[in-house]
Each structure stands twice: as C-alpha cells, then as structure tokens.
Amino acid sequence: RSAAKQIKGIAVPFAQESGELAGIEMYDSGVGFALQQSRVDQIEQAMPKILKRPILGYGTGRAARVLGYWGTTLTLDNYYLTLALDLGLLGPIAFLSVLVAAGAAALRRAAAASPEMATVYIGLACALGCFALTRSIVSMTGNLTMLYLVLGAVAGATAASRKTRL
C-alpha cells in the first residue's frame, strides 16, 4: 500500500474523533449545549484563580474544590484546566510538551522508516494527538495509563529502529 493510503487509513478516524470531541456533531437535545456551556463556565471561573497562583497552583487534587465543584466525585471537564489549577501554568505546559515531543519524534521516525514501520509511527502520533484532544474535555486521571503505553510504544519502536540500523 502507498504511504498516502496508510495515512488516510489513520487520519480519517482521527478527524472523525476530533470533530465529535470538539462538539461539531449535532445533538438531538440540549445535553450537548449544556456540556459545552459547563466547560466554558469552568474556564471563566478558573482564569482569575489561575492568575492568582500561576507558578505553584493550589496543590495536587485541589482543582475541583478550588472551583467549588462538590459532589459524589470531584472533577472538571478539562485536564489542562485541572493541571493549571493544581500545579500552576507549568503543569499543562509540561504535559503538552511531552505529548508534542513524542508526537514529533514519531512523525520524524515515520518519514525515515520503512512503509510498515511508518504506519506504526503515524498511528502512535495520531494516538498522541487524540489523547491531547480528549484531555480538553475529560479530566479523569485513571486513564492516563493509556498515555504511558503509547509513550512506551514510541520509545520501544524508536529503540528497535536504532538497533536495526547498527
């Protein structure tokens, strides 16, 4: 298969997922609008608090309490917002830096790899892109294990490609 077909096979599902997560799809009820509005409200409430403590934040696990989201579970709808409130502005910057660096490394490797390995690298880069996107609407930390698996796969594929060149 050509490289273009391989990229299309991965890019189309990524684009569909991105559109749905970004709220582009149509909703039959007001639920979608209410969720989007909730996210906007959380950002508006958080900005003054983030600016008040931009360096160290309010401490790990405090983001929902800082915004007053009390309930059976304390969570916000945006992981980057959670990181900024918990750790200060360096939290989301560091998190995004890891995702961007790993994604860029995967894409660089894809350009120089065989067609079979290029598909693997492109898939890993797309997985990192999807993960970065979903963090903007999901703040659960329980599924961060998936990120560690993808980062490990990028590192493993990179190490394997280096050994075959020697």
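Throughout, numbering of the chain's residues begins at 1 and tracks the sequence.
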*Mark yes or no for whether Ser136, through its side chain, and Ala132, through its backbone, hold a donor-acceptor pair below 3.5 Å.*
no
*Would a 4.5 Å heavy-atom cut-off, applied to side chains only, mark Leu83 and Ile93 as touching?*
no
*Around atom CG of Leu51, are there more than 12 heavy atoms of other residues, nucleotides or ligands at under 6.0 Å?*
yes
*asked:* Taking Leu107 as the starting point, is it possible to reach Leu124 by hopping between hydrophobic residues whose side chains are less than 4.5 Å apart?
replied: no
*Output the distance between atom CD1 (Ile137) and atom OH (Tyr80), rounded to the nearest 0.5 Å.*
11.0 Å
*State, to 0.1 Å, how close Leu151 and Ala102 come at their nearest heavy-atom pair, and which atoms those are.*
CD2-CB, 3.5 Å
*asked:* Which heavy atom of Gly88 sits nearest to which heavy atom of Pro92, and what is that distance?
replied: O-CD, 3.2 Å
_ring-ring contact (aromatic ring centres under 6.0 Å, His included) against Tyr121, all qualifying residues, sequence neighbours excluded_ = none
*Under the side-chain contact (heavy atoms from CB on, under 4.5 Å) rule, collect the residues that match up with Arg62, sequence neighbours excluded.*
Tyr58, Arg65, Val66, Asp86
*Side-chain heavy-atom pair Leu144, Phe131 within 4.5 angstrom cut-off*: yes
*Check whether any side-chain N or O of Gln42 sits under 3.5 Å from a backbone N or O of Asp77 as a donor-acceptor pair, and report yes or no.*
yes
_Hydrophobic clustering (ILVMFWY, side-chain heavy atoms < 4.5 Å, transitive) - are Val100 and Val154 grouped together?_
no
*Out of curiosity, does Leu87 fall in the hydrophobic cluster containing Ile55 (side-chain heavy atoms, cut-off under 4.5 Å, transitive links)?*
no
*Within-4.5 Å side-chain heavy-atom neighbours: Phe95 and Leu147*: yes
*Can you get from Ile50 to Leu90 by hopping between Ile, Leu, Val, Met, Phe, Trp and Tyr side chains that sit under 4.5 Å apart?*
no
*Quick one: closest heavy-atom pair of Ala118 and Ala110, and the distance?*
CB-O, 3.5 Å
